[in-house]
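Report on the following structure.
Note: hydrogens, waters and symmetry copies are ignored here, and every other heavy atom, side chains too, is used. To find a chain, count down the sequence lines: A is the first, B the second, and so on, and within it residues start at 1.
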Amino acid sequence: ENSALEFCTLTREFPEYVKMIEVGPRDGLQNEKEMVPTRVKIQLINMLSETGLPVIEATSFVSSKWVPQMADHTEVLQAIHRSSHARYPVLTPNMHGFQDAVAAGATEVAVFGSASETFSQKNINCSIDDSMLRFEEVICTAKQQQIPVRGYVSCALGCPYEGPIEPTKVAEVVKRLYELGCYEVSLGDTIGVGTPGSMAKMLQYVMKEVPSSALAVHCHDTYGQALANILTALQMGICAVDSSVAGLGGCPYAQGASGNVSTEDVLYMLHGMGIKTGVDLSKVIEAGDFICKALNRKTNSKVAQARSKSS
Amino acid sequence: HNVQDGASAGKTLPERVKIVEVGPRDGLQNEKTVVPSEVKIHLIDMLSEAGLSVIEATSFVSPKWVPQMADQVEVMMGIHRRPGVSYPVLTPNLKGFLAAVNAGAAEVAIFGAASELFSKKNINCSVDESLQRFEVVTKAAKEAGVPVRGYVSCVLGCPYEGKVSPDKVAQVAKRLYSMGCYEISLGDTIGVGTPGGMTEMLQAVSREVPVNALAVHCHDTYGQALANILIALQMGISVVDSSVAGLGGCPYAQGASGNVATEDVVYMLHGLGIQTGVDLPKLMDAGAFICCSLNKKTSSKVAQATCKL
């Protein structure tokens with residue numbers, strides 16, 4: 001595995017601005033053991049809106065049979081205060097979900113594909129190809145209604161069932177979502193096994209098919225690699241990063257291990273590097289504090305831990 | 001291909017990185033629970049088995065100041081010294097140096113600071129005074145044929161002074177290097193550094209000290225350690241300090257984390273195809289052992305993930 005010894009990135013200046021996509025209220029809460037009441041979700045999202053975050057994934061229009069934590073999707077979407085500076089995408093796995101989302105007032109949606117066949121089967125009970133057919137329907141309808149669609153590709157750096165995933169396969173799936181009409185595709189290191197070498201290699205292949213301006217990275221911190229991987233992505237020209245306040249959302253494949261990277265820690269790095277985000281870190285810490293209290297758990301964010309402990 | 005940028009080195013990574021394991025000294029010194037000597041000895045032996053080539057064993061500082069290291073002689077004499085592995089010990093002054101050599105130490109380390117206030121608060125004298133004290137040690141060490149490693153703390157920020165000038169760091173590093181330290185470890189003592197600051201500081205220091213004599217000692221208090229280490233590698237650094245299980249909290253932020261976990265560093269390096277000589281599963285065994293003894297959870301994410309799958 002010496003692909004990364006050739007870790008030569010083009011001499012790229014780091015981006016001046018990085019768009020932060022906050023997935024705590026959906027991806028985060030969906031993967032927490034504790035369920036929170038609707039009003040807590042709403043308050044969390046409202047607090048996050050106050051931080052300046054430009055994109056906040058609000059909820060998921062997946063059947064509550066599968067994802068009970070998101071059963072209150074309509075109520076949440078309708079009750080949140082929508083800042084004029086932010087967008088509030090919601091997950092819509094199929095036409096049914098899409099229609100419900102639109103009826104509830106959604107103005108942006110997201111679809112979730114996978115780079116791994118086995119993961120696709122186990123997660124949404126169909127092949128990658130079949131999932132694309134499903135998404136095509138959603139994306140076409142969304143386009144007609146001028147509703148932007150964001151695509152996600154999971155297992156971009158490894159699969160809990162298949163192990164390593166070929167970058168060419170990732171590129172293929174990303175390309176399909178982009179060509180179907182997703183304005184942006186978020187590349188997810190679903191089990192956090194990626195390292196800067198595999199990130200760089202995967203991005204190299206993906207960027208042959210889709211421009212970097214239409215890509216985002218969604219790194220999990222299960223093995224502590226998230227910030228290093230994000231840094232690598234920035235060096236390769238990516239300037240959109242998914243993260244979760246307080247690092248909400250454990251890893252469903254490694255009981256008790258961590259999952260999403262903390263928004264606070266990402267912000268600390270970016271701001272420390274002089275990269276703009278438009279986000280107020282202290283307000284994010286406050287929001288994180290709030291939700292952790294509600295969940296009766298400690299934050300996963302090191303920045304939040306350090307800030308609350310320093311004399 | 002390798003594109004050179006005037007401001008920073010080409011971004012090819014080293015083929016090999018030397019890990020300097022500071023768990024038994026820096027780690028344990030900064031843990032609340034004090035462990036018995038036989039636990040320390042067993043930990044060091046397990047770390048030797050894990051393939052680490054440098055393991056900071058103990059500290060010859062007066063037990064009045066650092067009671068956790070009071071068993072310094074016993075530990076030095078009790079460990080099994082694996083051939084090819086180095087076991088440096090801290091020696092803040094001549095007295096400590098002599099005691100260390102007497103106890104069989106074959107390598108020592110001295111600790112400077114890039115911040116005047118930190119120096120005053122930590123070792124009760126100015127940076128200059130401390131360097132003079134160290135020069136006595138390096139002279140004696142040279143005569144005795146004992147290699148000396150130098151540490152500079154607060155390289156990316158000070159708990160008292162805040163910002164620290166990269167030129168000041170470079171000055172202190174240069175002095176340590178000229179007085180005979182074979183390697184200078186640059187410590188982000190409170191973990192506040194980010195890749196930008198790391199780049200700037202390394203640029204300043206590498207103008208005064210050759211990059212192959214430099215190491216980085218990153219703290220993970222703000223989660224920035226691996227990103228900072230990656231940047232350092234891109235700038236030509238190939239020596240990284242870390243602590244098994246991320247032992248050693250931050251004395252300046254109660255309860256916050258300190259040292260970066262060796263397991264997490266090794267995971268990243270191996271993922272990059274960089275050789276370290278370290279056997280990760282054996283390293284994790286050592287981490288599990290010491291966490292059990294300390295009755296605490298590991299700070300290593302790799303260890304957490306691996307035992308949970």
Side-chain angles (χ1 to χ4, degrees), chain A residues 1-14 160 191-200 221-232 234-235 247 251 253-258 261-262 264-266 268-275 301-303 305-311, chain B residues 1-8 10-15 159 190-199 220-231 233-234 246 250 252-257 260-261 263-265 267-274 299-302 304-309:
Chain A
E1 177 51 90
N2 63 6
S3 60
L5 285 182
E6 300 281 312
F7 187 79
C8 299
T9 59
L10 296 171
T11 301
R12 225 179 260 273
E13 295 291 324
F14 285 103
I191 46 172
V193 290
T195 52
S198 58
M199 171 63 86
D221 205 36
T222 318
Y223 291 79
Q225 309 295 305
L227 285 193
N229 290 339
I230 289 168
L231 188 69
T232 301
L234 297 180
Q235 287 181 326
C251 179
Y253 306 97
Q255 251 280 3
S258 66
V261 69
S262 303
E264 298 92 318
D265 299 1
V266 176
Y268 185 91
M269 181 173 80
L270 298 178
H271 292 177
M273 293 167 68
I275 295 172
S301 156
K302 290 218 160 168
V303 170
Q305 282 166 32
R307 285 277 169 91
S308 75
K309 303 289 171 71
S310 50
S311 40
Chain B
H1 76 294
N2 194 358
V3 182
Q4 294 287 340
D5 171 5
S8 65
K11 299 209 172 40
T12 323
L13 297 175
E15 276 181 26
I190 45 171
V192 289
T194 53
M198 173 63 85
T199 304
D220 205 36
T221 318
Y222 289 79
Q224 308 297 304
L226 285 194
N228 289 338
I229 289 169
L230 182 64
I231 283 286
L233 296 178
Q234 291 180 342
C250 181
Y252 307 97
Q254 249 282 1
S257 69
V260 67
E263 298 92 318
D264 299 359
V265 175
Y267 185 91
M268 180 173 78
L269 296 176
H270 288 184
L272 280 163
I274 294 171
S299 284
S300 156
K301 290 218 159 167
V302 170
Q304 285 166 30
T306 309
C307 74
K308 301 286 170 64
L309 282 169

(message) Quiz question: by atom type and distance under 3.5 Å, do the side chains of B:Ser257 and A:Lys302 form a donor-acceptor pair?
(response) yes
(request) Below 4.5 Å from any heavy atom of chain B, which atoms of A:Val193 appear? Answer side chain, backbone, both or neither. (result) both
(request) Please report the closest heavy-atom contact between B:Thr221 and A:Ala306, naming both atoms and the distance. (result) O-CB, 3.6 Å
(message) Looking at every heavy atom in both B:Met268 and A:Pro196, which two are closest together, and how far apart are they?
(response) CG-CD, 3.8 Å
Look up atom [atom1] in [X] and atom [atom2] in [Y], then write down how far apart they are to the nearest 0.5 Å.
X: B:Leu226; Y: A:Asp221; atom1: CG; atom2: CG; value: 8.5 Å
X: A:Leu231; Y: B:Gln234; atom1: CG; atom2: CD; value: 6.5 Å
X: A:Met273; Y: B:Thr199; atom1: CE; atom2: OG1; value: 7.0 Å
X: B:Gln224; Y: A:Asp265; atom1: CD; atom2: CG; value: 6.5 Å
X: A:Ser262; Y: B:Tyr222; atom1: OG; atom2: OH; value: 14.5 Å

(request) Among B:Gly191, B:Pro195, B:Pro159, B:Ala261, single out the residue with the greatest number of heavy-atom pairs under 4.5 Å to chain A. (result) B:Pro195
(message) Can you tell me which of B:Gly193, B:Gly196, B:Ala227 forms the most heavy-atom pairs within a distance under 4.5 Å of chain A?
(response) B:Ala227
(request) Apply side chain to side chain donor-acceptor pair (under 3.5 Å) to B:Asn228 and list each qualifying residue two or more places apart in sequence or on a separate chain. (result) none
(request) Check whether B:Val265 gets within reach of chain A through its side chain, its backbone, both or neither, counting any heavy atom under 4.5 Å. (result) neither
(request) Determine, stepwise, if the pair A:Gln235 / B:Ile231 fulfils side chain to side chain contact (heavy atoms under 4.5 Å, CB included). (result) CA-CA 11 Å; A:Gln235 287 181 326; B:Ile231 283 286; 3.9 Å; yes
